[in-house]
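What follows is a short report on a single structure.
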Protein chains: 2
Amino acid sequence: MSPSTVSRILNGTAQVKATKAAQVRAAIDRLGYKPNAFARGLVTGASGSVGVLTQDIASPFYGDALSGIESGLMGSGYSPMIISGHWRTDDEEHAVELLLSRRVEALIVLGGQLPEDELRGLAGGLPIAVLGRRVEFDSPTSTSLALDNRRAAYDLVTYLLDRGHRRIGHVAGPPDHVDARDRLAGYRQALEDRGLPFLPDLVAQGDFHEPSGLIGTQQLVARHPDMTAIFSANDQMAYGARLALYRMGLRVPEDMSLVGFDDLPGSAYTTPPLTSVRQPMAEMGHWLARFVVAQLTGQTVEPFQPQLKLHLRESVAPRRFP
Amino acid sequence: MSPSTVSRILNGTAQVKATKAAQVRAAIDRLGYKPNAFARGLVTGASGSVGVLTQDIASPFYGDALSGIESGLMGSGYSPMIISGHWRTDDEEHAVELLLSRRVEALIVLGGQLPEDELRGLAGGLPIAVLGRRVEFDSPTSTSLALDNRRAAYDLVTYLLDRGHRRIGHVAGPPDHVDARDRLAGYRQALEDRGLPFLPDLVAQGDFHEPSGLIGTQQLVARHPDMTAIFSANDQMAYGARLALYRMGLRVPEDMSLVGFDDLPGSAYTTPPLTSVRQPMAEMGHWLARFVVAQLTGQTVEPFQPQLKLHLRESVAPRRFP
DNA sequence: CTGTTAGCGCATTCAT
DNA sequence: ATGAATGCGCTAACAG
């Protein structure tokens, strides 16, 4: 019984007599043999894994995308190798380095700050799928899925305007974050398209986390007592805003309308449920996973256009005219 | 310039003349050389990775633990390899198989259903650290960190009793989940220790997700209009309960006190902020990671006794005596 | 300080 | 249908 025969049995590479196969399987069970993925990878050059660069392993935002990736990879024979970049370029670079040295066969990048050129360079070596940013690749083996943050913010603010609101505050995200800038731009444009001025001090600076939403809201209310609605650049800050209003005795939506962005799982269960815009993170992750698998196996996938969806819930009321 | 010299430079295994080192690094940059972790692992027998078996990659509950593991591993030279078991025994077994074939050097198991005997068997081969279940290992290279769910539930309910509440409902978790059973047992014991009867129909059956908390609460209120407090077996169901109360026009905490369990990140920002009990998931994950690294490197770590901490927030008020 | 040699465990020729 | 031989890329032991 030679090693090659065993190899053939394990991989089904060639026909082997059934008796021998059974014999070998018995021995495997008995000895608790586990094939060494390193040795196999070394000779085949295939790792069977797809690198996933996320930003925060505990983030509810990217968590959905990770679930989607998991399900998209399921049954493909590939498994994800997940590393966090913590929104820090050097962490991200280390992560990519690690993934490459582990010989991942494709890369899925969730957000982050890696320069486009670097991504394009990587795409020369393996299929890349980017979520949350638009990146143009030369080769069709790589792709990106971006959302129109600006448009979604525009729609959200327009919705408030349609309900009669005129003094609309904005709790913005970090200015070095492209999503945050786009959402701010959408807010601004929606106002201007209705002939309303953009007032810088109706914008409070946040950092996408709850406490900054709380503080920002306190500032906005203090500066503009006539404000009737707040657009928070993400749901987490909207939660902070909600609490600030509660503390100040302002009712939502009677005294203040509130809208968020991202439609986190919890947003349907706040009091009142929060109007927000849903990015189909899980679906996008799923598709990206199927995309890279398709590249790896020489198949094709149907294109996918993610749709942002407004979830109109009870946190918004028409403006009252006293 | 021999391969071994390059190897020595990359690993700092031996002294190498600085000029040569610089020369090599330049070449590495120029050629975009990436060491092959497979080949390295094959010869050293070390993968540099620690397997992590979680249940749901998007779960806020385990997410914190994962963050802790990440930070505990940071700088150790080990990186996590994360696979989800989805609370399904066969998924978990596949995950372990995969991790083993990828030659992880240690295993961190978050919850799950793997039989204890199997875990003990695995512990013969590599260090294992289990979170959320008490597992007795023969060897000191493996350990487990469990929380006293029963005690925490007992404390929480006792807190409500101390505030004068007598009719306390419970939205329970899935009965096949040991945490859920322990929390129910703590609830029951707290009542009985005060001489109060345990009423089965003051318990609604939930599944640890928001909708079941909403429905369960509706049932409880319908059955027991005189109920003044609700203990939800986790925070997610408490969010559902909160919304149910809002819909019914019951105020929290004036008309109904509400407590959860887990102290999710969002619970400090609900309206009103939710009283809950905090399991130090991140700290536990951090310690478990440091524990396995210590086993791997022959060091020792100080023992760690996780402390459950009650977070008393505004969702509880003393019972009003009309 | 550095080059040479051997071998990690496996899949894959090439023989038989 | 199966065994023997080769090499994947790297590190460790051994010389020098």
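Here is the naming used below: chain letters follow the sequence lines, and residue numbers restart at 1 for every chain.
Closest heavy-atom contact between P127(A) and L296(A): CG-CD1, 3.6 Å.
Closest to the side chain of N36(B), out of dG9(C), dA11(C), dC10(D), is dC10(D). Here the nucleotide nearest the side chain of R8(B), chosen from dT2(C), dG9(C), dC10(D), is dT2(C). Listed nucleotides: dG9(C), dC10(D), dT2(C). Nearest to the side chain of P35(B): dC10(D).
Separating the CZ atom of R103(A) from the P atom of dG9(D) is a distance of 9 Å, rounded to the nearest angstrom. To the nearest angstrom, P of dA12(D) lies 9 Å from CZ of R40(B). Separating the CZ atom of R102(A) from the C1' atom of dG9(D) is a distance of 16 Å, rounded to the nearest angstrom. Rounded to an integer number of Å, the gap from CG of L42(B) to C1' of dA6(C) is 13 Å. Whole-Å rounding puts the F38(B) CZ to dG7(C) P distance at 24 Å.
Not one side-chain nitrogen or oxygen of T44(A) sits closer than 4.0 Å to the OP1 or OP2 atom of dA11(C).
A donor-acceptor contact shorter than 3.5 Å links the side chain of S144(A) to the backbone of V135(A).
Between the side chains of Q279(A) and D263(A), no donor N or O sits under 3.5 Å from an acceptor N or O.
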Candidate pair L126(A) and L100(A), rule side chain to side chain contact (heavy atoms under 4.5 Å, CB included), full reasoning: CA-CA 10 Å; L126(A) 31 56; L100(A) 290 179; 3.8 Å; yes
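Within the helix from dC1(C)-dG16(D) to dT16(C)-dA1(D), the inter-axis angle between the opening and closing five-pair segments is 40°, rounded to 10°.
Between F208(A) and H177(A), the ring planes lie perpendicular to each other; the angle is over 60°, past the 30° to 60° tilted range.
A salt bridge does not link E97(A) with R102(A): every distance from a Lys NZ or Arg NE/NH1/NH2 to an Asp or Glu carboxylate oxygen is 4.0 Å or more.
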